[in-house]
S.K.: 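This is the structure I have questions about; it appears just below.
Quick note: numbers below take in every heavy atom, side chains included, and nothing from hydrogens, waters or symmetry partners.
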Amino acid sequence: MSLVLEVEAPPFREDATGAIRVGNSRVLLELVIRAFQDGASPESIVQRYSTLLLSDVYTTIGYYLRHREAVEAYLKHREQLAESIHQRLLCMKI
């Protein structure tokens, strides 16, 4: 019996707004990565976001660990985008 090695793409998909979702869920990549950075285990992340598959969370964390710079750049971009939207909303209240 031999093991067939297959290359698997990360379980990500980009939505219409440019946000990256994990697996077939609506859970954002940044939520999974931030939970992991805060010390959450893959199992606890799945408990927190029940629409995620455990295998997708492990694959996502593995991808992050192998491509940390690219993922951190994406996370920074998302934070800047969120801050920009927050500032626009504050200006609208005035």
S.K.: A quick test of your reading: do over 12 heavy atoms of other residues, nucleotides or ligands sit less than 6.0 Å from CD of Glu8?
M.R.: no
S.K.: Return the set of residues passing salt bridge (Lys or Arg N to Asp or Glu O under 4.0 Å) with Glu79 (not counting sequence neighbours), or none when no residue passes.
M.R.: Arg34
S.K.: Pairing donors with acceptors under 3.5 angstrom, does anything connect the side chains of Glu43 and Tyr58?
M.R.: yes
S.K.: Report whether Leu81 and Ile33 are members of the same hydrophobic cluster (ILVMFWY, side-chain heavy atoms less than 4.5 Å apart, transitive linking).
M.R.: no
S.K.: Report yes or no: do Tyr63 and Leu53 belong to one cluster of Ile/Leu/Val/Met/Phe/Trp/Tyr joined by side chain heavy-atom distances under 4.5 Å?
M.R.: no
S.K.: Group every Ile, Leu, Val, Met, Phe, Trp and Tyr by side-chain heavy-atom contacts under 4.5 Å, then state whether Ile85 and Leu31 land in the same group.
M.R.: no
S.K.: Is Val27 reachable from Phe12 through a run of I, L, V, M, F, W or Y residues, each pair having side-chain heavy atoms under 4.5 Å apart?
M.R.: yes
S.K.: Please report the closest heavy-atom contact between Pro11 and Asp56, naming both atoms and the distance.
M.R.: CB-OD1, 3.4 Å
S.K.: Give a yes or no on this: more than 12 heavy atoms of other residues, nucleotides or ligands lie within 6.0 Å of atom CD of Gln87.
M.R.: yes
S.K.: Any chain of hydrophobic side-chain contacts (each under 4.5 Å) joining Leu65 to Val22?
M.R.: yes
S.K.: Could you work out, with salt bridge (Lys or Arg N to Asp or Glu O under 4.0 Å) as the rule, every residue matching Arg13, not counting sequence neighbours?
M.R.: none
S.K.: Considering residues at least two apart in sequence or located in another chain, which fulfil the salt bridge (Lys or Arg N to Asp or Glu O under 4.0 Å) criterion with Asp38?
M.R.: none
